[in-house]
Enquirer: 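There's a structure below that I have some questions on.
What you see below is based on every heavy atom in this structure, not just the backbone, and it leaves out hydrogens, waters and symmetry mates. Letters A, B, ... mirror the listed sequences (proteins, then strands); counts begin at 1.
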Amino acid sequence: MLAARVIMDQGVEVEGVNFFTGFCVEGHTHAIREKKRIKPKRNNALWVAEQLGIKLHIIDVIEEYKDVLLNPKHGYGANLNPCLDCKVFMVKKAVALGLTGEGGFMTRHSFDFIITGEVIGQRPMSQRKDTMPVIASESGADDLLLRPLCARLLPATRPEREGWVDREALYDFNGRNRKPQIALARSLGFSDWSQPAGGCCFLTDIQYSAKLADLWEARGSREYELDDVMLLKVGRHIRPAPHFKLIVGRELGENRYLEGYRNTFTSLYPTSHNGPLCLIDGEPTAADLILAARVLARYSQGKTSDSVTVHIDRLDGTSEELAVVPLPAQEIQQSWHVGA
Amino acid sequence: MSALESLDARGLLCPLPVIRTQDRIKNLQPGELLEVVATDPGTMQDIPAWCRVHGHELVTEETVDNESGEGLVYRFEIRVNA
Ligand code: SF4
C-alpha cells in the first residue's frame, strides 16, 4: 500500500495485482467463522486498492501454485511456507500479466516496471538483502523490479537510472522495526493502515502446516485440491487412526460450510441433541464409524448424557442412526488432534 | 431489465466469486449486464468494492432467502463500464 502510494505520488500510474493461491488468509476464514468478527469482513487487497484509487486484479493461481508449494527450489521457511519461491513466482506472473495484458491488466498502457512493498530484513526468508536479487533475476523482472520502501539500500534499478522515478524520494527502510513505515503511513494520511506482521498465508501457520503435513502423510501423496486446503482451515481435525479423520465443525458458520461437502464425504450429526456436523475423510470401517459417532457425541450438547443418537450418511447413499455413549474426554487422545 | 449473462458463484468463498466475476466481465461489452449469485456473505462487501475499484455500475444488490433451505443467497447485477 505504501509502496504504491509513494510511486503514485511521483506521477506514475499504478495497478495492483493480488494472487489467490488457496492458502491466503484473506477472505474465506472470515467468511466461515462467525464468532470473533470484530472488524468488518472485507478483502484487504480490494480495500487497499480503493483507498489508493487504483485498479486491482485478483488472479487465481491455485493450479500453478501447487508446483511452487510441492517443489520449492529454495525450500521452506519455518513451516510449509515456500516464501522465496512464492515471491519469485508472483513477480514472474506479474511480468507475464503486464506483458500479455491477460486479465485486462494494464490495458491502457503497457507496463513499464513492477513494484513490491518488500522491506529488507522484514521477513526472515524472502526479504533479505541477499534474496532480493534472487527474486529479481529468477522472476525475469531483473532491474525492472523496484522496491520503493528500501530502494535506497539496493542498487539503482532501471526506473531509477532512467529517471522514471526519483530515487532520492524513495526510502531506505530496513529490519523488523515498523515505526518508520507507520510514520510514513501517517504522513500520507492513512489512518487505518495495517498490514500483517507475520506471513500473508496459512502456510506460515504452524497448526495449519501440521494439518497439511498430516493430510499428505495419510494419503501417501502430496497431491491436493482446493477443497482439501480449504477444509484444513475449518473445524477440529481429529485422527484416531491413520486411515481416517474427523472434521468437526466448531460453530454454526463452520457447520454450514461443511454442509457443502456432504455429498463428497461420509457425514455424521447428532439427532437427539444439538451438535456439530462432522465429515469423515478416509475409509472408515463400521467400527471406525461407531468410534467417530462417539467422538462427535462428545462435542454435542449431549456430551454428559448416557446416550446420543447420531445420524450417519455414507457415500454409497445408505444411512443409519446409531445410539452411542459419548466417548469420555480422557479417551480422546491428545495425539488425535491434528495441528493442535 | 433482465441480465444478459448470469454467473453462478454459489458455494464459492471469497475471493473466488470476485475472480469469477472479473473473468466473466473481461469478455463482456461495455453496457452489458451480468447477474452474479453467490452464497458467501463476504460477497456483499467484495463485489461492490470490486465494482467501485473498476468503475462498473452495481445496478442491483439483494439478499434472497432461498426456499430450499440453502440459506441466504446474494444476488448482484453489474453493468459493465464503458
Ligand atoms: S507467506 Fe506470503 S510469501 Fe510466504 S508462501 Fe505465503 S503467500 Fe508466499
Side-chain angles (χ1 to χ4, degrees), chain A residues 15-22 24-34 37 39-62 101-105 107 226-227 229-231 233-234 252-264, chain B residues 5 7-32 34 36-58 61 63-74 76 78-82:
Chain A
E15 288 190 19
V17 57
N18 178 247
F19 296 104
F20 178 59
T21 61
C24 309
V25 173
E26 286 308 324
H28 18 261
T29 23
H30 306 230
I32 299 167
R33 302 211 68 178
E34 300 222 317
R37 191 185 291 158
K39 284 190 179 176
K41 269 177 333 117
R42 67 181 185 204
N43 178 304
N44 210 43
L46 270 173
W47 180 81
V48 166
E50 203 171 1
Q51 301 303 302
L52 293 169
I54 63 173
K55 287 195 175 171
L56 174 79
H57 309 272
I58 308 179
I59 313 288
D60 170 354
V61 292
I62 297 163
E102 186 193 322
F105 199 59
T107 38
L226 180 64
D227 283 338
V229 302
M230 297 296 277
L231 279 170
K233 299 174 190 171
V234 187
L252 197 62
E254 290 193 339
N255 287 335
R256 201 174 291 140
Y257 181 68
L258 295 176
E259 284 278 341
Y261 290 92
R262 287 185 56 196
N263 51 0
T264 41
Chain B
E5 294 274 337
L7 172 69
D8 183 0
R10 286 176 297 181
L12 296 179
L13 294 181
C14 285
L16 285 171
V18 178
I19 295 178
R20 299 288 176 261
T21 302
Q22 175 184 284
D23 292 348
R24 259 313 252 293
I25 284 202
K26 210 165 58 192
N27 299 320
L28 295 181
Q29 299 302 315
E32 284 189 307
L34 174 70
V36 179
V37 231
T39 44
D40 181 352
T43 54
M44 298 233 300
Q45 296 260 343
D46 291 359
I47 300 258
W50 183 84
C51 288
R52 289 194 298 272
V53 160
H54 287 266
H56 302 300
E57 183 192 350
L58 189 61
E61 180 184 2
T63 306
V64 192
D65 201 348
N66 191 326
E67 322 77 58
S68 69
E70 266 185 284
L72 297 178
V73 171
Y74 308 97
F76 307 88
I78 304 165
R79 190 185 307 282
V80 182
N81 76 355

Enquirer: Examine whether an atom of Val53(B) lies under 4.5 Å from a heavy atom of chain A, and if so say whether it belongs to the side chain, the backbone or both; otherwise answer neither.
Expert: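 Answer is both: backbone and side chain atoms of Val53(B) are under 4.5 Å from chain A.
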
Enquirer: Select one option (side chain, backbone, both, neither) describing which atoms of Ile25(B) are under 4.5 Å from chain A's heavy atoms.
Expert: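 No part of it gets close to chain A.
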
Enquirer: What's the spacing between Lys233(A) NZ and Leu13(B) CG if we round to 0.5 Å?
Expert: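 Answer rounded to 0.5 Å: 8.5 Å.
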
Enquirer: Taking all heavy atoms of Leu56(A) and all of His54(B), pick out the closest pair and write down the distance.
Expert: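 Closest pair (atom of Leu56(A), atom of His54(B), distance): O-NE2, 2.7 Å.
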
Enquirer: Mind checking the CG-CD1 spacing from Leu16(B) to Ile58(A)? Nearest 0.5 Å is all I need.
Expert: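 If we round to the nearest 0.5 Å, Leu16(B):CG and Ile58(A):CD1 are 9.5 Å apart.
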
Enquirer: Check salt bridge (Lys or Arg N to Asp or Glu O under 4.0 Å) between Glu50(A) and all other residues, then give those that pass, not counting sequence neighbours.
Expert: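 For Glu50(A), the residues satisfying salt bridge (Lys or Arg N to Asp or Glu O under 4.0 Å) (neighbours in sequence not counted) are Arg52(B).
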
Enquirer: Return the CZ to CG distance between Arg20(B) and Asp60(A), rounded to the nearest 0.5 Å.
Expert: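 Answer rounded to 0.5 Å: 5.0 Å.
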
Enquirer: Ignoring hydrogens and angles, tell me if any N or O in the side chain of Asp46(B) forms a donor-acceptor pair with the backbone of Asn43(A) under 3.5 Å.
Expert: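 Between the backbone of Asn43(A) and the side chain of Asp46(B) there is a qualifying donor-acceptor contact (under 3.5 Å).
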
Enquirer: With only heavy atoms counted, which part of Leu52(A) is less than 4.5 Å from chain B, the side chain, the backbone, both or neither?
Expert: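 Interface part for Leu52(A): neither.
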
